[in-house]
Each structure stands twice: as structure tokens, then as C-alpha cells.
Amino acid sequence: MYKLLLSGRYLRTRFIALASIISVTLGVATMIVVNSVMSGFSTQMKDRIHGILSDIVVESISTDGEPDPAGEMARIQSLIGEHVVAMTPTVEIYGLLTFEHAGEHFHRPVTIIGIDPEGKNAVSPMSSYLQTRQTGERSLDEPLDWELTTAAEQHRARFLELERFKVEAMLQSAGPDAGHIEDPFAPTGTVAAPEVAAPPSDAPLQGRVYIGASLVSFPFTDSNGETQIWSMVDPGTDVSLSTLKAGTPEICRFPVTVVDVFQSGMSEYDSQIVFCNLEALQAMRGMMVQAPGSLAAAQSSPDLTGSTTLDWRDGSFTSIQIKLTDYANAPIVMDILRRELDPRKFQIRTWEQKQGPLLEAVAVESAILNVLLFLIIAVAGFGILAIFYMIVVEKTRDIGILKALGASSQGVMSIFLSYGLSLGVVGSGAGVVLGLTIVYYINEIEDGISALTGQKVFDETIYYFKEIPTSVSPWMVLSVAGGAIAIAVLASVLPARRAARLHPVQALRYE
């Protein structure tokens with residue numbers, strides 16, 4: 001009983017004990033806050049990456065692709081059908097995006113991905129990233145397609161009228177003898193005859209795209225100090241894509257209509273990717289079995305301009321994306337596919353392997369931060385060690401009296417171990433409460449700091465998050481608190497052993 005009374009008295013009456021408790025509290029709170037924020041960032045980032053990539057990707061080694069996507073998917077279905085929820089083919093190729101804004105032409109290097117929208121949404125639900133779904137113009141439950149919204153149709157009508165006006169103005173300024181005029185959206189990328197003006201508003205759309213938000217927009221600060229996004233291209237506008245034809249170094253250029261803008265929150269995707277309708281990209285690159293031999297013929301073909309008789313099953317693909325019933329079975333599925341598919345033609349990877357460097361960098365950063373922050377608690381442990389040594393020296397005569405009255409060495413040692421345990425428990429408990437409180441109100445705290453300093457601490461235009469993401473793991477909280485308690489107890493072992501070894505006579509004669 002005397003052990004608990006003494007350790008409790010030291011804990012209540014000594015100011016130096018409060019300093020130890022505060023150091024443990026701050027260390028535990030800091031680790032909880034940082035781990036929660038890092039876990040929130042990591043979880044959000046993985047969710048957004050997974051919203052673009054499927055569980056497993058079967059990639060063609062050649063950028064020219066492989067034929068018969070339907071046949072390959074049927075083969076994959078026969079091999080791993082019990083593990084598959086959905087599959088879809090894609091064509092992925094580097095290219096150049098060209099669009100006009102305020103009388104100037106802008107060029108952006110991009111990755112063009114040809115997709116079947118319904119199939120793509122089945123393997124990696126990207127519909128929530130589209131602007132029209134985020135603003136409520138279209139429901140998230142609606143199937144993904146290439147149809148323009150009413151607002152986009154109206155914008156397209158205005159866009160085409162403006163294009164007609166530009167063509168007429170150029171013809172008038174060129175004079176009656178002008179043979180050709182420069183057309184930035186001409187398929188050949190060179191010149192077009194004067195009679196080829198902007199198509200009528202009811203013309204069928206040949207190429208359709210979902211375009212990354214960062215490709216066609218930029219942030220700015222308004223007069224009120226608020227961050228706004230200025231869009232240079234809206235749905236319904238025609239832009240131009242350029243890329244290489246399959247099998248040759250010949251460049252093909254073709255106009256496409258922006259159906260929607262997507263923002264995944266991943267800068268790597270939002271500033272690089274353009275999703276195009278698969279059959280149009282296959283036709284323009286010459287990947288269709290029945291595709292015309294030249295780009296000019298493709299442009300004039302009613303099949304291509306209408307995109308009604310074209311079918312991606314008649315073309316080649318560069319990858320097949322697969323969604324699994326359970327991602328935990330990915331290693332089994334990959335082993336089967338690697339055994340059965342020709343390794344000279346296909347490469348099989350999971351979405352995590354495709355983004356391996358990025359995910360690994362985040363994991364390493366998190367590990368380094370944990371090590372550095374754990375040193376804060378270690379410093380608190382050394383502080384407890386020093387404090388206990390001081391207490392042992394200061395209380396040497398008291399220890400001698402206790403041992404003279406019959407206290408055992410184990411009893412004296414347990415006093416200091418109980419004291420260290422009490423410091424660890426109180427400090428860790430306070431740290432958990434403080435850390436979880438900060439995590440819960442972290443956005444309000446960020447707003448207060450931003451208002452106080454006059455500078456935005458968490459800029460959403462950089463991180464693509466409206467709020468600071470957090471994710472609290474109970475196991476993380478328990479491990480941090482348990483580690484802090486263990487350090488406090490271990491720090492008290494050496495001073496406790498020294499106190500236990502004191503001889504009562506020598507201790508009583510200590511000056």
C-alpha cells in the first residue's frame with residue numbers, strides 16, 4: 001500500500017513530474033495528428049488512383065496494340081472467370097491537345113486513353129469525377145456515355161456559330177481570290193478549302209472526350225481574396241488531338257468535342273489524361289480492321305463522322321482492365337494470367353504496381369516521419385530517466401528509512417516503476433485526448449491559423465482537397481499510447497534499480 005501512496009504523492013506534488021507529463025502528452029498528440037493526416041492523404045490518394053485504374057491491367061507491349069479485344073477478354077474470362085466482375089479494353093497513346101482561347105492556340109502534351117464509357121465505369125468508377133456529376137447536372141446513377149447535357153448543347157451551338165463567324169470574317173478579309181485558309185481543326189493539320197466551314201449544329205459528333213480539368217483551367221485569386229478556377233474550355237467546345245498512327249511515324253490529327261471535364265484530385269491525371277471514345281481513336285490511328293486507309297478518307301467517311309457503325313470489337317487494343325470480386329485474390333489471378341498469356345505480347349500488373357513509385361514514396365515519407373516523431377517521445381523518456389535519478393539522489397535518506405523499517409528492495413524498486421507507469425499513463429491519456437481533439441477540429445484550426453498569418457496553410461489548388469483529409473486508426477492510437485507508456489516505464493528501470501540497491505545504513509548516513 002505504501003508503494004501506491006508514495007508514487008501518487010510524488011506525482012501530485014512535484015512540479016517536475018508535470019514537465020514529464022507534458023513532454024509525453026505533446027509527443028503522443030503529435031504522432032496521432034501526423035499519422036491521422038498522413039493516413040487520410042494516403043487513403044484519399046489511393047481511392048482516387050483506383051478510381052482511374054482497375055484492379056489488374058493486361059497491357060500490350062506494343063503501342064500498336066493487339067487485335068480481337070473481344071476474343072482476348074473471352075479467353076481471360078475462361079481462365080479467371082470466377083474472380084472477375086467486369087472487363088473493358090482501352091487504347092492508350094501519347095499525343096498533343098490543341099485548343100483555342102481568347103484568340104490564342106494552346107498546346108498540351110497528353111496521354112490519350114480510348115475507352116468504352118460504360119465498361120470503364122464498371123471496372124473503375126470514374127463517374128463521380130466528372131464535372132456534370134459533381135455539380136448535379138447529371139445523376140451519379142446515370143450510365144456513363146458520350147451524350148452532351150442541355151447546357152453543353154447550348155454552348156456547342158454558340159461555339160459553332162462563333163466558328164462560322166470567324167470563317168466568314170477570314171474569307172472576307174482574304175478576298176475573292178483566296179484559295180485556302182488556315183483551319184486549326186482541319187484533320188490534316190495544314191489547310192482547308194474555304195467552303196469547309198464549321199459544321200452545322202446538328203452534325204453528328206465524331207470524336208468525344210472527357211478532358212482533365214488542369215489541362216484547360218487555372219486558379220486565380222479574385223478581389224475578395226478567394227481562389228477561383230477559370231476554365232478555358234467548356235463542355236460542347238471542339239478541340240483537336242494529335243498522335244501517331246499505328247505502325248507508322250505518321251501524325252494524325254482529328255477534331256473532338258469535349259463532353260465533360262473530370263477532376264480526380266490527382267495532379268498526375270488531371271493535367272495529363274484525355275479520355276476519348278474508343279472506336280474513334282482506333283479508327284483515327286488505323287487500328288480498325290475495316291478502317292479506311294487514309295486519314296482524309298476516314299474524315300469523310302459517314303461511318304466515322306457518325307460513329308454509329310463503328311464497333312471497338314473490330315479494332316485493336318493496348319490494354320484490358322479487369323475488376324476483381326476480391327482484390328485479395330490479385331496474386332492468384334496474376335499468376336494464372338502470366339502463365340497463360342504470351343509474355344512477349346502482354347505485361348500484367350496491378351494498379352498498385354503501376355503506381356508503385358508514387359505509393360512507395362508516400363510509404364517511405366510516412367515511415368521517416370514516424371521515426372522522427374517517435375524521437376520526441378524518446379526525448380521525453382530520457383527526461384524521465386534524468387528526473388528519476390535526481391529523485392533517487394534527493395530521496396536517498398528517505399529510501400534508507402524505508403528499508404530500515406522493513407521495505408524490501410523489490411518494494412523500493414516498484415515505487416519508482418509505479419511512478420514511471422503513472423507518468424506514462426497520465427501523459428499518454430492526455431496526449432490521446434489532445435491529439436484526437438486536434439484531428440477532429442483540424443480544419444477549423446487551419447482556418448484560424450490562415451486568418452492569423454494571412455496566408456493559406458492548406459491550399460486546395462495545390463492539394464486538390466477542399467478539407468484536410470484525416471483517418472484515425474484505433475490500432476495506431478493504441479500503439480502510440482502503449483509505446484509512450486513502455487518508454488516511460490523503461491526509463492524508470494535504471495533509477496529504480498539504483499534505489500533498490502542502496503544499503504540502508506549508507507543511505508541514512510548520506511549527506
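Residues Glu92 and Ile113 approach most closely at CG-CG1, 4.0 Å, considering heavy atoms. Contact between Val261 and Gly212 at its shortest, heavy atoms only, is CG1-C, 4.4 Å. Heavy atoms only, all atoms of each residue included: Thr470 and Val37 are closest at CG2-CG2, 4.0 Å. Across Ser36 and Val472, no two heavy atoms sit closer than the pair OG-CG2, 3.6 Å. Of all non-hydrogen atoms in Phe262 and Tyr269, the two that sit nearest each other are CZ-O, 4.0 Å. The two residues Ile32 and Val432 make their nearest non-hydrogen contact at CD1-CA, 3.7 Å.
Between Phe99 and the options Val216, Ile211, Leu215, a side chain to side chain contact (heavy atoms under 4.5 Å, CB included) holds for only Val216.
With sequence neighbours left out, Ala330 forms a side-chain contact (heavy atoms from CB on, under 4.5 Å) with Ile56, Leu324, Tyr327, Thr350. For Glu66, the side-chain contact (heavy atoms from CB on, under 4.5 Å) criterion is met by Ser60, Phe317, Lys345, Phe346, not counting sequence neighbours. For the side-chain contact (heavy atoms from CB on, under 4.5 Å) test, residues two or more places apart in sequence or in another chain that qualify with Ala430 are Thr25. For Asp326, there are no salt bridge (charged side-chain N to carboxylate O under 4.0 Å, His left out) partners at least two apart in sequence or on another chain. Asp141 meets the salt bridge (charged side-chain N to carboxylate O under 4.0 Å, His left out) test with no other residue; sequence neighbours excluded. Checked against side chain to side chain donor-acceptor pair (under 3.5 Å), Arg339 has no partners two or more places apart in sequence or in another chain. Here Ile487 pairs with Phe374, Ile377 under the side-chain contact (heavy atoms from CB on, under 4.5 Å) rule; sequence neighbours left out.
No side-chain heavy atom of Ser240 sits less than 4.5 Å from a side-chain heavy atom of Phe254. Within the 4.5 Å cutoff, side-chain heavy atoms of Met334 are placed close to those of Gln353. Using a 4.5 Å cut-off on side-chain heavy atoms (C-beta onward), Cys252 and Thr243 make contact. Counting heavy atoms from C-beta outward, Leu241 and Arg253 have side chains that stay 4.5 Å or more apart. Between His101 and Val233, every side-chain heavy-atom pair lies at or beyond the 4.5 Å cut-off. Within the 4.5 Å cutoff, no side-chain heavy atoms of Val209 are placed close to those of Val259. Using a 4.5 Å cut-off on side-chain heavy atoms (C-beta onward), Leu162 and Leu160 make no contact. Between Val239 and Val256 there is a side-chain heavy-atom pair separated by less than 4.5 Å.
At a cut-off of 3.5 Å, with distance as the only test, a side-chain donor of Thr237 or His155 sits close to an acceptor on the other residue. Using a 3.5 Å distance cut-off with no hydrogens or angles, the side chains of Thr149 and Arg138 do not pair a donor with an acceptor.
How far CG of Leu97 is from CD1 of Ile273: 13.0 Å, rounded to the nearest 0.5 Å. Going from atom CG of Leu96 over to atom NE2 of His107 covers 7.0 Å, rounded to the nearest 0.5 Å. In this structure, the separation between CD on Gln282 and CG on Asn277 is 9.5 Å, given to the nearest 0.5 Å. To the nearest 0.5 Å, atom CD of residue Gln263 and atom OG of residue Ser214 are 6.5 Å apart.
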TODO: Begin with the C-alpha distance, continue with both residues' side-chain angles, and end with the deciding distance and a verdict on side-chain contact (heavy atoms from CB on, under 4.5 Å) for Ile438 and Ile445.
DONE: CA-CA 8 Å; Ile438 293 175; Ile445 294 172; 4.0 Å; yes
TODO: Would you please test Leu281 and Phe275 for side-chain contact (heavy atoms from CB on, under 4.5 Å) and show each step?
DONE: CA-CA 10 Å; Leu281 184 57; Phe275 291 107; over 6 Å; no
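The backbone N or O of Ser264 sits less than 3.5 Å from a side-chain atom of Asp270, completing a donor-acceptor pair. Looking only at distances, a side-chain donor or acceptor of Ser54 sits under 3.5 Å from a matching main-chain atom of Ile322. A donor-acceptor pair is defined here as one N or O able to donate and one able to accept, closer than 3.5 Å; such a pair exists between the side chain of Arg338 and the backbone of Ile348.
Sorted by first and then second residue, the side-chain hydrogen bond (donor to acceptor under 3.5 Å, both in side chains) pairs with a member in residues 112-121 read Lys120-Ser124, Lys120-Gln321; sequence neighbours excluded. Among pairs with a residue in residues 472-490, none fulfils side-chain hydrogen bond (donor to acceptor under 3.5 Å, both in side chains), at least two apart in sequence or across chains. Applying the salt bridge (Lys or Arg N to Asp or Glu O under 4.0 Å) definition to pairs two or more places apart or across chains, those involving residues 55-64 are Glu59-Arg349, Glu59-Lys354.
Ring orientation note: the planes of Trp146 and Tyr210 are close to parallel, at an angle under 30° on the 30°/60° scale.
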Between side-chain atoms of residues 71-90 and protein atoms elsewhere (two or more places apart, or another chain), which donor-acceptor pairs fall under 3.5 Å?
| unit_1 | atom_1 | unit_2 | atom_2 | d |
| --- | --- | --- | --- | --- |
| Arg75 | NH2 | Glu340 | O | 2.7 |
| Ser78 | OG | Arg75 | O | 2.5 |
| Thr90 | OG1 | Ser319 | OG | 2.3 |

Could you list the donor-acceptor pairs under 3.5 angstrom formed between side-chain atoms of residues 125-133 and any protein atom two or more places apart in sequence or on another chain?
| unit_1 | atom_1 | unit_2 | atom_2 | d |
| --- | --- | --- | --- | --- |
| Tyr129 | OH | Asp47 | O | 3.3 |
| Thr132 | OG1 | Asp260 | OD2 | 2.4 |
| Arg133 | NH1 | Ser139 | O | 3.0 |
| Arg133 | NH1 | Glu142 | O | 2.9 |
| Arg133 | NH2 | Pro143 | O | 3.4 |

